[in-house]
Amino acid sequence: MVRATTKATVRRARVLRRTMTLPEVLLWQRLRGQPCGVKFRKQHPVGDFVADFYAPSAKLVFEVDGLAHDLGDRPARDLVRDAWLAARGFRVVRVAAREVLADADGVADAMVRMVLAESV
């Protein structure tokens, strides 16, 4: 069972939707029209966390990782977060921001294909 999302998490998700990074914006431009019938949500609250992109039909969470994910305690926090999500049936896929910047169309296409494969 997924822990109830708090009002604070919903507020944080709303702020994150307004302040998305360039790689997140590039992906959202490609995913927002439900490509191949696949619905994506951006900056979606799940429990105490906010997923960069979420495909509810496959319980897939996509995280766009920039340089900040390699610094300080962030790698350890990401591991805890991924474990929490996995324990509740979510699958987390990490995408490097540099890959999105290099080929946003290709990354978005791969995300759609992954969701379609998981939804079958």
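Numbers for residues simply follow the sequence, beginning at 1. All values below were derived from every heavy atom in this structure, side-chain atoms included, with hydrogens, water molecules and symmetry-related copies excluded.
In this structure, Phe53 and Leu60 have side chains that are not in contact, with every pair of non-hydrogen atoms separated by 4.5 Å or more. Between Pro56 and Arg41, some side-chain heavy-atom pair lies under the 4.5 Å cut-off. Between Leu31 and Val112, the closest side-chain pair of non-hydrogen atoms falls below 4.5 Å. Considering only heavy atoms from C-beta on, Met111 stays 4.5 Å or farther from Val115 through its side chain.
The minimum heavy-atom distance linking Leu27 with Ala108 is given by the pair CD2-N, 3.9 Å. Considering all non-hydrogen atoms of both residues, Trp84 and Gly47 come closest at CH2-CA, 3.7 Å. Looking at every heavy atom in both residues, Glu63 comes nearest to Ala51 through OE2-CA, 3.3 Å.
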Original post:
Are Met20 and Gln43 close enough, and set up right, to give a side chain to side chain contact (heavy atoms under 4.5 Å, CB included), and what steps lead you there?
Top reply: CA-CA 9 Å; Met20 290 173 36; Gln43 303 301 338; 4.1 Å; yes

Original post:
Could you go step by step and tell me if Val93 and Phe62 meet the side chain to side chain contact (heavy atoms under 4.5 Å, CB included) rule?
Top reply: CA-CA 5 Å; Val93 177; Phe62 293 92; 3.8 Å; yes

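Atom-to-atom distance recorded for Asp82:CG and Phe49:CZ is 9.0 Å, nearest 0.5 angstrom. Between the CZ atom of Arg14 and the CZ atom of Arg18 there is a distance of 8.5 Å, given to the nearest 0.5 Å.
Cluster membership for Val46 and Val80, using ILVMFWY side-chain heavy atoms within less than 4.5 angstrom, is not shared.
Put simply, the side chain of Glu99 never gets that close to the backbone of Ala96: no donor and acceptor are under 3.5 Å apart. Without hydrogens or angle criteria, Lys59 side chain to Arg88 main chain gives a donor-acceptor distance under 3.5 Å.
Through direct or indirect side-chain contacts shorter than 4.5 Å among Ile, Leu, Val, Met, Phe, Trp and Tyr, Leu16 is connected to Val50.
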